[in-house]
Amino acid sequence: MCSSANAQDERYIKKLLLGKLGAKKGKAQRPSPPKWAAYSSIYRFDLNGDGHKEMFFHSKSDSVDYFHFYDHNERPLLKVKLEPMGAKSAPYKMRIVDLDKTKRLFMIYFYEGFTKFYGLDATVRLYLVTMDHADLNSLSVKKGPVLWMERERRGNRYVKRENFTEIFDYNKDGIKDLRVFHGKLSRVYFYQGAGKWRALGDKIF
C-alpha cells in the first residue's frame, strides 16, 4: 500500500482530500482541508462481481488514517476511519472472503503504530467491512479484534503475542464465521447480516 501513484491518480486523490471533487455551488461550508496529507496508490478490484472494477486506497490526513472505497464511476462508497495508537500506522493487507453466496467480508489489517512513553507498545487490529447481496451501498464497517501486540517495559520482560484467524461455519447455519485464536484461547465472531456481528457471549455490535 506504499508505492507511489501515477500523476493522474495523484491529482485525483488530492482533489478528494481537499474536498474539490464533485463540488457544488452553494453556501454550505466545507471543513477545512488538512494541513498535511499523504496517500497510497489506487487499487482496483471487482468487489461485487458485476464486471466493473471498483477502487480503494489508503490516505493519512493530519496523522489520522482512512481507507476509502469508490465505485467504478469514481463515486464514494465508504470511508473507513482507522484509529492509530502511535507512530508509523498504516493498513498493510486486505483479505476478501465469501461468508456465503450473498455475504462478502473484506478484512483490513491495520498496524496501529507504536508508542514509547513507558516502553514499547505496538498493535495490529482487524477492521471488518461487509457487503450483502453484492450491493455496494450495503458496505459497512466494524472495528474488530487485536491480532498482534508487542510490549516491552523497562526492567520487565519483553512480550509479543500473535493471534491467528480462521474462517469456518462453526454453528452450521450456512454462514462462515470468523475465529480469532492464540493457542487454546479463541473467540468466534458470527456475522448477523446488515453490518452486524455477534461474538460468543456478547451483544450484537
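For the numbers below, each heavy atom of this structure counts, side chains included, while hydrogens, waters and symmetry mates do not. All figures in this text were calculated on a predicted structure; none of them were measured in a lab. Residue indices begin at 1 and follow the sequence shown.
Residues satisfying the side chain to side chain donor-acceptor pair (under 3.5 Å) test with Lys176, not counting sequence neighbours, are none. The side chain to side chain donor-acceptor pair (under 3.5 Å) check on Ser138 picks up nothing, with sequence neighbours excluded. In this structure Thr165 satisfies the side chain to side chain donor-acceptor pair (under 3.5 Å) test with no other residue, sequence neighbours excluded. Qualifying salt bridge (charged side-chain N to carboxylate O under 4.0 Å, His left out) partners for Glu152, counting only residues two or more places apart in sequence or in other chains: none. Every residue two or more places apart in sequence or in another chain that forms a side chain to side chain donor-acceptor pair (under 3.5 Å) with Asp132 is listed here: Tyr191. Every salt bridge (charged side-chain N to carboxylate O under 4.0 Å, His left out) that Asp100 has, sequence neighbours left out, goes to Lys103. Here Glu112 pairs with Arg125 under the salt bridge (charged side-chain N to carboxylate O under 4.0 Å, His left out) rule; sequence neighbours left out. Residues satisfying the salt bridge (charged side-chain N to carboxylate O under 4.0 Å, His left out) criterion with Asp121, sequence neighbours excluded, are Arg151, Arg153.
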Full working for side chain to side chain contact (heavy atoms under 4.5 Å, CB included) between Asn163 and Trp148: CA-CA 6 Å; Asn163 293 329; Trp148 179 87; over 6 Å; no

Steps toward side chain to side chain contact (heavy atoms under 4.5 Å, CB included) verdict (Tyr111, Thr123): CA-CA 6 Å; Tyr111 177 61; Thr123 50; over 6 Å; no

Worked check of side chain to side chain donor-acceptor pair (under 3.5 Å) between Thr130 and Lys142: CA-CA 9 Å; Thr130 51; Lys142 294 295 181 184; over 6 Å; no

Intermediate values then yes/no, side chain to side chain contact (heavy atoms under 4.5 Å, CB included), Leu105 and Ile96: CA-CA 6 Å; Leu105 170 64; Ile96 302 175; over 6 Å; no

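Closest approach of Asp46 to Gly51, counting heavy atoms only: OD2-N, 2.8 Å. When all heavy atoms are compared, the tightest approach of Met55 to Asp71 is CG-O, 3.9 Å. The minimum heavy-atom distance between Ser89 and Asp65, with the atom names listed, is OG-OD2, 2.6 Å. Closest of all the heavy-atom pairs between Asp169 and Lys172 is OD1-N, 3.0 Å.
Both Met107 and Ile175 are members of a single hydrophobic cluster when ILVMFWY side chains are connected at heavy-atom separations under 4.5 Å. Tracing side-chain contacts under 4.5 Å through hydrophobic residues (I, L, V, M, F, W, Y), one reaches Phe69 starting from Phe45; they form part of the same cluster. A continuous path of hydrophobic side-chain contacts links Phe114 to Tyr92 [ILVMFWY only; heavy atoms under 4.5 Å].
Chaining together hydrophobic side chains whose heavy atoms lie under 4.5 Å apart places Phe164 alongside Phe181. Within the hydrophobic cluster formed by Ile, Leu, Val, Met, Phe, Trp and Tyr side chains joined at under 4.5 Å, directly or through other members, Tyr158 stands alone, with no partner residue. Other residues sharing the hydrophobic cluster of Val64, ordered by chain and number and joined by side-chain separations under 4.5 Å: Tyr66.
Between Val180 and Leu147, some side-chain heavy-atom pair lies under the 4.5 Å cut-off. Using a 4.5 Å heavy-atom threshold, the side chains of Leu47 and Leu136 count as touching. Between Leu128 and Val141 there is no side-chain heavy-atom pair separated by less than 4.5 Å. At least one side-chain heavy atom of Ser59 sits less than 4.5 Å from a side-chain heavy atom of His68.
The distance from the CG atom of Asp177 to the CZ atom of Phe190 is 5.0 Å, given to the nearest 0.5 Å. If you take CE on Met94 and CD1 on Ile108, they are separated by 6.5 Å, rounding to the nearest 0.5 Å. Between the CG atom of Leu99 and the CG atom of Leu178 there is a distance of 8.5 Å, given to the nearest 0.5 Å. Rounding to the nearest 0.5 angstrom, the gap separating the CH2 atom in Trp197 from the OH atom in Tyr189 is 10.0 Å. Here the straight-line distance linking atom OG of Ser140 with atom CE of Met131 works out to 12.5 Å at 0.5 Å rounding. In this structure, the separation between CZ on Phe168 and CG on Asn171 is 10.5 Å, given to the nearest 0.5 Å.
Here the two rings, on His58 and Phe67, have centers that are 6.0 Å apart or farther.
Taking the six-membered ring where tryptophan is involved, the planes of Tyr43 and Phe56 are essentially parallel, since the angle between them stays under 30° and well short of 60°. Taking the six-membered ring where tryptophan is involved, the planes of Tyr127 and Phe110 are perpendicular, since the angle between them exceeds 60° and thus also 30°.
Among His72, Lys53, Glu54, the one residue that satisfies the side-chain contact (heavy atoms from CB on, under 4.5 Å) test with Arg44 is Lys53.
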Can you list, pair by pair, the side-chain donor-acceptor contacts under 3.5 Å of residues 77-87, counting residues two or more places apart and other chains?
from, atom 1, to, atom 2, distance (Å)
Glu83, OE1, Lys143, NZ, 3.0

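A salt bridge links Arg104 with Asp98: the distance from a Lys NZ or Arg NE/NH1/NH2 to an Asp or Glu carboxylate oxygen falls below 4.0 Å.
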